[in-house]
Amino acid sequence: MIGNVLVVLEHDAHGARAAGLGLLAPAARIARELGVTASGAVVGALAPDARLLESPLGRLYAAESGVAEALAHAIDLTVAAARAAEAPIILIAETTRGRELAGGVAAALRAGLGTAAHALRVCAGRLEVTAAKLGGSVVTTCAARPEYPLVVLVRPNTFREHEAASATPVTKLLVPVRARDVSIEERRESEEQTIMLEEADVVVSGGRGLGGPEPFRTWLADLAAVCGGAVGASRAVVDAGWAPHAQQVGQTGKTVRPRLYFAVAISGAIQHRVGMRMAGSIVAINKEAEIPLAEIADLLVVGDAFAVVPELTRLIRQQKGMP
Amino acid sequence: VIDPLKIVVCMKPVPDTAATPRIDLASKRLVRLPGETILNPFDEFALEAALRLRDAAPEATVSVLALAPGGAKEALRKVFALGVDAVVHLCDEHFEGSDGLMTAEILAVALRRLEPDLVLCGTESTDGGGGYLPTLLAGLLDLPAMTALRALRIEAGRFVGERDIDAVFTRLSCDPPLLASIGKAAPLPRYASLKNIMAAKKKEAQIWSAADLGVTSYTPATELLRIEPPPARGVGRVAKHEDPTTAAEAILAFLNERHLV
């Protein structure tokens with residue numbers, strides 16, 4: 001199906017989320033290679049983040065009214081934008097909300113789905129989606145059959161490309177109210193702006209070897225802070241109640257793809273590795289050398305994490321000239 | 001008031017992550033061996049949520065629906081031991097090679113036939129990992145959806161769900177019928193009782209074929225072009241340092257070499 005490209009731009013209380021912003025340049029590049037246009041759908045808020053008003057996209061679509069926090073509203077706005085933009089290719093960052101949106105949009109458009117994409121290539125006039133599947137044990141490349149639209153879920157933090165930006169006009173769309181829907185009875189948003197694990201450039205994860213919850217709040221968090229990153233945890237840590245589930249990396253937690261992943265006192269069972277093996281660089285700090293993580297770590301430092309990590313934080317702070 | 005409540009839990013048999021998957025290069029399909037098939041761990045949270053609703057309303061029924069090859073039979077039988085009332089196994093050669101949309105379309109046909117008040121799903125699966133299926137199914141069935149819930153209960157005949165994801169807490173409500181996905185923050189799945197394990201041995205899943213469902217003409221929306229082994233990661237370095245400062249300096253040198261600081 002020949003047509004335009006639409007990228008979904010998820011918003012929260014702090015504006016457009018980083019995961020969606022990272023798709024602006026790839027969307028523009030794919031559109032250029034296909035000889036079509038790229039536009040954006042603003043979901044989760046009625047007004048687009050000001051940073052989007054100058055972008056590589058040709059146009060933004062945003063809702064005229066409605067409850068922007070509702071899932072159905074986000075789905076319906078995206079579908080309306082895809083129709084208005086005549087876009088059968090829809091790129092969505094693979095966040096929790098992104099995944100939920102993808103299903104709803106694919107149902108409405110009867111679209112095929114590509115997930116966990118880490119490479120998007122235009123080949124002979126169609127988009128090829130490459131993704132690691134089955135816990136990273138195989139890499140698959142798929143494309144939509146000619147008569148089908150395609151919704152692509154893209155791993156956050158994957159693309160580091162740039163496209164020229166220019167003023168981007170906003171078109172308001174009417175999102176009809178559904179006859180029957182879920183009502184939001186109560187909604188509380190944490191005031192604090194935290195870096196989402198799946199969007200973080202640097203992830204500092206701790207394992208059972210840390211012996212308790214304390215390091216997650218103190219020296220592990222300090223290393224994450226000086227790197228501008230987020231703290232992650234192994235399943236054992238979450239099961240022990242030392243860290244919240246939102247911080248779990250691995251098969252039953254989050255899949256992350258940061259530029260840099262620190263595995264501190266984590267031996268690296270397969271269930272953990274599937275959640276982080278796509279990281280750019282992996283540094284393991286462990287008191288043992290014979291650990292499964294050694295198979296994929298770029299650097300394994302055998303030593304006492306309780307002493308090494310605070311020292312590393314001090315050295316990075318010093319190098320960056322931070323107080 | 002919903003009486004008696006009819007719950008269907010969608011569960012996906014998946015390859016055991018601990019086992020190394022084999023791909024048949026000719027058909028580009030996964031070779032599944034029965035012993036290596038488990039039920040998607042995420043879906044167990046959905047089943048637990050269903051069983052809890054039935055604990056509160058004993059006249060409710062809990063059925064499990066799965067689309068899977070015949071090799072998943074043993075994995076599916078295990079849910080009887082948890083006290084599930086019925087298992088519907090959608091099993092047919094026509095279903096092989098289904099992609100996300102085709103899988104959801106087939107499940108939707110079966111769900112329309114089962115007419116549940118509540119459809120429950122896990123939030124994602126350990127094999128595909130797409131996480132889109134719950135809302136895809138809801139869209140195809142034209143059902144409202146609550147997603148990634150940590151709790152689900154019935155209050156005055158209405159479903160009430162709680163979601164706490166990405167620093168946002170929401171309390172949601174909806175009349176039946178509803179589709180809900182249950183997240184990992186929900187209560188952990190229970191263990192089978194000995195009584196149920198014994199009783200489960202006598203129970204059999206109902207097998208529904210493509211002809212039974214009238215879905216022999218569906219085709220996938222996507223095509224798999226290539227399937228390859230993952231690129232190998234270069235062999236890493238191992239450094240052993242007694243002195244923490246020397247160790248930290250070794251890490252910083254590595255980070256600087258890769259321009260990561």
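Using a 4.5 Å cut-off between heavy atoms, Leu150(A) contacts chain B through its side chain alone, with no backbone atom that close. Interface remark: Pro134(B) contributes no atoms to any contact with chain A (heavy atom separation under 4.5 Å). Contacts between Phe262(A) and chain B at a heavy-atom distance below 4.5 Å involve the side chain alone, from C-beta outward. Heavy atoms closer than 4.5 Å to chain B are found nowhere in Ala108(A), neither backbone nor side chain. With a threshold of 4.5 angstrom between heavy atoms, Glu295(A) does not approach chain B through any atom at all. Using a 4.5 Å cut-off between heavy atoms, Ala297(A) contacts chain B through its backbone alone, with no side-chain atom that close. In this structure, the portions of Val182(A) lying under 4.5 Å from any heavy atom of chain B include both its backbone and its side chain. When heavy atoms are compared at a cutoff of 4.5 Å, Leu255(B) approaches chain A solely by way of its side chain, counted from C-beta outward. Proximity to chain A (any heavy atom under 4.5 Å) is shown, for Ser181(B), by neither the backbone nor the side chain. In this structure, chain B has a heavy atom under 4.5 Å from the side chain of Leu153(A), while its backbone stays farther away. Of the two parts of Asp298(A), the backbone and the side chain both hold a non-hydrogen atom closer than 4.5 Å to a non-hydrogen atom of chain B. With a 4.5 Å cut-off on non-hydrogen atoms, Ala246(A) does not touch chain B at all. Heavy-atom distances place both the backbone and the side chain of Arg226(B) under 4.5 Å from chain A. Of the two parts of Leu71(A), only the side chain, counted from C-beta on, holds a non-hydrogen atom closer than 4.5 Å to a non-hydrogen atom of chain B. With a 4.5 angstrom heavy-atom cutoff, Asn256(B) touches chain A only via side-chain atoms. For a residue to count as touching a neighbouring chain, one of its non-hydrogen atoms must lie under 4.5 Å from one of that chain's; by this rule Glu105(B) touches chain A with the side chain only. Only the backbone of Ala111(A) comes within contact range of chain B, with heavy atoms under 4.5 Å apart. Looking at Ile165(B), only its side chain comes within 4.5 Å of chain A, counting heavy atoms on both sides. Within the 4.5 angstrom heavy-atom criterion, only side-chain atoms of Arg17(A), from C-beta onward, approach chain B.
The shortest distance between side-chain heavy atoms of Met11(B) and Asn40(B) does not fall below 4.5 Å. For the pair Val261(B)/Leu260(A), no side-chain contact is recorded, criterion being any heavy-atom separation below 4.5 Å from C-beta on. In this structure, the side chains of Val67(A) and Ile184(A) come closer than 4.5 Å at one or more pairs of heavy atoms.
When the shell of 6.0 Å around CZ of Arg235(A) is examined, it contains 12 or fewer heavy atoms from other residues, nucleotides or ligands. For Glu115(B), the CD atom is loosely surrounded, since the number of other residues' heavy atoms within 6.0 Å does not exceed 12. Remark: Glu242(B) CD is loosely packed, at most 12 non-hydrogen atoms of other residues, nucleotides or ligands lying under 6.0 Å away.
Remark: Glu69(A) does not engage Arg163(B) in a salt bridge, criterion side-chain N to carboxylate O under 4.0 Å. Taking a cutoff of 4.0 Å between a charged side-chain nitrogen and a carboxylate oxygen, Arg126(A) and Glu128(A) do not qualify as a salt bridge. Using a cutoff of 4.0 Å between basic side-chain nitrogens and carboxylate oxygens, Glu198(A) and Arg99(A) are not scored as salt-bridged. Remark: Glu94(A) engages Arg155(A) in a salt bridge, criterion side-chain N to carboxylate O under 4.0 Å.
Most heavy-atom pairs under 4.5 Å with chain A, from the set Glu228(B), Glu223(B), Lys240(B): that is Glu223(B). The most heavy-atom pairs under 4.5 Å with chain A, out of Ala148(B), Gly161(B), Ala145(B), come from Ala145(B). Ranked by heavy-atom pairs under 4.5 Å with chain A, the first of Val160(B), Asp99(B), Asp175(B) is Asp175(B). Comparing Ala239(B), Gly236(B), Gly139(B) by how many heavy-atom pairs each has under 4.5 Å with chain A, the most go to Ala239(B).
Summarising the geometry, atom CG belonging to Leu252(B) is positioned 11.0 Å from atom OG1 belonging to Thr313(A); distances are rounded to the nearest 0.5 Å.
Put simply, the residue from Leu299(A), Val301(A), Leu300(A) that forms a side-chain contact (heavy atoms from CB on, under 4.5 Å) with Arg237(B) is Leu299(A).
For the residue pair Glu311(A)/Thr245(B), the side-chain donor-acceptor check at 3.5 Å is satisfied. One side chain, Glu185(A) or Ser173(B), offers a donor N or O that lies under 3.5 Å from an acceptor on the other.
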